[in-house]
Amino acid sequence: MASASQYFAAQVRWRWLEIAFWLCALLPFVVTPTYLSLASQIAITALFALSLDLILGYAGIVSLGHAAYFGVGAYTAGIFSKFVWGEPLTGLFLSAVVAGIVGYATSHIIVRFRHLALIMLTLGLGLLLHEAANSAHWLTGGADGLQGVKIRPIFEQFRFDLYGRTAYAYSLAVLFVCFLASRRIIHSPFGLALRGIRENALRMPAIGAPSRAHLRKIYTISAVLAGIAGALLAQSTETVSLEVLSFGRSADVLVILILGGAGRLYGGILGAVIYMVARDQFSGITPAYWYFWIGLLLVAVVMFLPNGILGGLAKFFQRRT
Amino acid sequence: MRKILIGGSIAALLIAQAASAQQTVKVGLIMPYSGQFADTATQMDNAIKLYVKQKGDTVAGRRIELIRKDTGGVAPEVAKRLAQELVVRDKVDILAGFILTPNALAASDVSAEAKKFMVIMNAATSIITTRSPYSARTSVTPPQLNESFGTWARKTGIRRIYTMVSDFGPGIDAEGAFHRAFREAGGEIVGSVRFPMANPDFSAFVQRAKDLNPEAIYVWVPGGVQPAAIGRALSERGIDPRKTKVLGQGELTEEEARKSMGDASLGIITVYHYDHNHDSALNREFVKAFNAEYGGRNPNIYSIGGYDGMHLIYEALKKTGGNTDGDALIAAAKGMKWESPRGPIQIDPETRDIIQTVYIRRVEKVGGQPVNVEFDKIENVKDPVKARMKK
Amino acid sequence: MGSLVGVLFDGFAYGMLLFLLSVGLSVTLGMMNFVNLAHCSFAMVGGYVTVSLMNSFGWPFFATLPMAFLAAAAASVLLERTLYRRLYRASDLDQCLFTIGIVFISVAAAAYFFGTVQQSASMPSYLRGSVELMGVNFALYRAFLIGISLLITIILIASLEYTRFGAQVRAAVDNQRMARGLGIDVDRSFMITFALGGGLAGLGGALAVEIIGLDHAFAFTYLVYVLIVVAVGGLGSIGGSFAAAMVLGISDMAGKYYFPWLGAFLIYLVMVGLLMWRPAGLFGKR
């Protein structure tokens with residue numbers, strides 16, 4: 001390992017496993033064409049989990065209220081299509097911007113705290129936003145959800161169809177682009193600084209890395225990605241309800257990320273795939289008690305694969321070699 | 001020769017399979033089987049199973065197959081995806097169930113696009129049936145109940161009332177409907193308050209109401225744990241339903257709430273479209289069968305919505321001779337009239353929503369237990385919101 | 001003025017209930033740094049034990065309370081000895097995931113064995129209704145709740161301050177390594193504290209049936225409120241939990257009385273405000 005740039009170059013190089021993974025993501029179009037709606041929702045959740053990984057896995061900020069940005073993105077996309085224009089890509093861009101602004105604003109509060117206070121603050125802010133959305137039912141439709149969301153076909157060509165083809169293609173494409181961006185960020189000096197902050201926040205300023213500024217930056221980026229995920233959901237399903245801002249959604253994505261393995265870039269995506277497929281399958285078998293089996297899955301993963309599935313697998317392979 | 005034989009048997013098998021597939025009518029049930037609303041799904045599903053058991057699983061020469069999907073609670077994107085999968089993968093002919101409004105609205109889009117007959121067995125918001133021309137509802141809408149109630153309340157002499165509702169969609173709708181009708185009939189609303197949705201403790205709100213010393217109080221809370229909590233709060237803060245009239249929608253005095261409140265519930269007046277104590281032979285039979293099948297538990301509004309919904313499906317199929325085409329089924333459903341355990345009901349041919357009798361009940365002690373006793377009724381109530389939308 | 005007193009009384013009672021539900025989590029989290037999100041499952045155990053004993057076996061209410069405590073304490077110890085021990089070294093996130101898995105399992109089990117219907121049990125007649133004093137209505141059940149909670153608080157604080165076991169617990173909370181170094185059997189102290197915390201949660205669950213209701217999803221629904229009390233009060237502090245539960249219960253009530261349009265906002269605003277002012281909690285050390 002000669003120089004810093006060589007180190008980064010080695011990190012950034014694509015491993016064949018990664019290429020294989022993304023190629024496999026195209027399989028559902030051919031192999032399971034009736035599962036594309038589920039696939040698109042998995043892709044959206046994967047993007048949401050990826051956004052959480054940026055702050056949790058890499059910067060060490062544990063958030064129980066990340067759904068706030070997801071929800072802001074979803075409602076922005078929905079409200080934009082209802083009152084202004086139903087074109088999806090402009091809506092997506094606008095949602096990213098609004099979520100980013102909200103993320104930037106809250107980041108000033110968030111980065112000043114650590115440990116349990118930080119977790120509870122994120123929880124509190126998320127709950128407050130949920131309540132606000134419920135009260136503002138003239139804008140959000142309240143508990144019945146936002147009505148009148150109509151999305152135009154992408155590029156005026158591809159309608160959001162009953163089979164979910166357009167939805168999956170759209171979500172997958174956006175996920176991939178955001179993934180590439182995240183990958184770039186992580187394997188950069190900035191990303192390395194974040195990991196330093198995660199390990200020892202007190203020492204970082206001593207070596208010249210402005211902790212708080214870095215944290216605010218990554219928090220904003222994370223909010224942008226979460227907002228994009230929310231907008232994707234609103235657009236591909238033409239529905240937005242208060243649930244997108246709920247504590248349940250924040251808790252779910254946290255569970256998914258930990259399940260897959262935080263701090264490994266693919267953890268969120270893997271976690272989303274496994275959790276949502278498992279839930280769908282269990283739900284089909286026992287609609288009333290599927291969460292028993294999911295609970296068992298979570299317990300088993302922690303017992304046998306510490307640090308999430310990817311973490312456990314990494315340890316397993318390390319021991320072999 | 002062998003090729004012809006093999007080809008022939010394969011063809012025969014395919015034809016047989018296609019034919020048998022044609023013989024079943026698949027009904028997709030989308031409900032929150034898990035999560036905080038699980039109990040409503042349990043009650044509805046039980047009534048559906050009872051109906052199929054009583055009437056058999058064959059209708060118009062075709063077998064009914066039920067496919068159950070869980071939404072887990074309020075999750076419109078999941079409901080929509082499940083509806084899509086039911087249509088595309090399981091090839092259902094009819095979509096049914098639907099306890100929660102956002103889920104029903106999302107699935108309506110699928111019903112409209114795929115032209116599938118859809119029966120809404122509980123979700124109550126008025127506009128739901130306008131989202132798909134193939135949907136019909138067998139439950140109730142809050143304006144049906146609350147506007148009738150407002151008019152009735154004024155008619156029976158209440159002049160000034162204080163209202164307290166939960167701050168979310170159905171509660172606000174109920175408040176709006178009640179206020180509108182009560183005022184139109186000449187009454188005065190002396191004050192109103194909205195409680196936050198997740199509200200473990202009602203004391204403060206009840207005290208505010210008491211401070212104003214109103215003639216009557218109108219309460220709306222969603223079913224589950226809240227009715228009993230507010231009932232107890234009312235009694236703890238010293239509001240006696242026999243002196244200050246306490247009015248509410250039926251959830252307030254549903255079975256679990258009455259059991260929990262005990263004598264504190266006596267005297268509460270509510271409006272609803274069904275109670276298991278309704279005095280008709282048909283209902284007594286229904287309740288008896290339900291008790292026998294489900295461990296003594298009584299049916300509630302979710303059950304009756306499911307039971308009548310299945311009846312609608314069966315009768316519509318009989319009318320179309322087993323044809324599951326969406327247009328045929330909805331045409332058959334429109335205007336259908338029958339006697340349900342709750343009373344006489346009809347599917348409005350214009351709005352495809354339900355027309356039914358709305359009952360006013362008071363909680364009284366019967367046989368040592370507090371029970372909803374029907375003492376007044378308003379017949380043939382249509383959904384007033386859609387009626388106004390037309391004009 | 002009278003109505004304010006009534007509202008404050010009810011808020012105090014509600015706060016006491018939150019305290020019982022949360023104190024165990026605060027102490028075990030502070031002592032062993034073990035994130036036990038399944039804490040409310042123990043509360044559920046207590047609640048269901050009370051309801052079952054009263055409805056199916058006709059036990060009187062008071063007799064079921066010690067049973068609720070013991071059952072929940074036993075469940076805590078069982079879980080701790082068999083599963084939780086292996087996770088003390090695990091990361092916070094893994095502990096979270098594991099205990100959430102336990103919550104899922106417990107909620108499903110509750111739904112399976114007891115159904116999804118809301119549970120209720122008839123309180124004895126001398127606890128029902130209210131008594132009127134100086135023009136204010138005081139609910140008897142709430143008075144009882146306040147009485148029991150204050151009694152328990154006094155016992156807890158006294159045992160913490162004046163018994164040897166209490167001293168060991170305080171030592172372990174303050175500095176675990178040092179405590180071990182002094183020969184204190186931290187593991188045993190922890191097991192007992194865990195059992196106590198779980199038992200108290202179970203008692204809280206049993207008492208909660210009448211006030212906030214019990215259904216199979218209880219372990220999820222109240223987790224948020226318990227976490228709020230623990231965070232605002234400060235980890236490892238009984239006094240902190242008490243103060244936090246008080247503040248939250250009363251501000252929730254008073255807020256709803258004076259500013260009903262603020263509704264649920266108030267409790268979250270109070271939490272956010274208090275945490276920003278005192279990130280380690282009102283009485284917290286770290």
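In what follows, every chain begins at residue 1, and chains take the letters A, B, ... in the order their sequences are listed.
Contact annotation for C:F220: neither backbone nor side-chain heavy atoms come within less than 4.5 Å of a heavy atom of chain B. If you measure heavy-atom distances from B:A264 to chain C, you find no contacts under 4.5 Å at all. With a 4.5 angstrom heavy-atom cutoff, B:R194 touches chain C only via backbone atoms. For C:V107, no part sits under 4.5 Å from any heavy atom of chain B, backbone or side chain. In this structure, chain B has no heavy atom under 4.5 Å from any part of C:E132. Of the two parts of B:S203, the backbone and the side chain both hold a non-hydrogen atom closer than 4.5 Å to a non-hydrogen atom of chain C.
For the pair B:R237 and C:G6, the tightest heavy-atom approach, listed with the atom from each and the gap, is NH2-O, 3.2 Å.
For C:Y225 and C:Y222, the ring centers are positioned less than 6.0 Å apart. Taking the six-membered ring for Trp and the full ring otherwise, the centers of C:F62 and C:F144 sit less than 6.0 Å from each other.
Between the B:N372 side chain and the B:T253 main chain, a donor and an acceptor come within less than 3.5 Å of each other. The backbone N or O of B:G73 sits less than 3.5 Å from a side-chain atom of B:N103, completing a donor-acceptor pair.
Residues meeting the side-chain hydrogen bond (donor to acceptor under 3.5 Å, both in side chains) test with C:S22, sequence neighbours left out: none.
Residue with the most contacts toward chain C among B:K259, B:E256, B:K210: B:E256 (heavy-atom pairs, distance under 4.5 Å).
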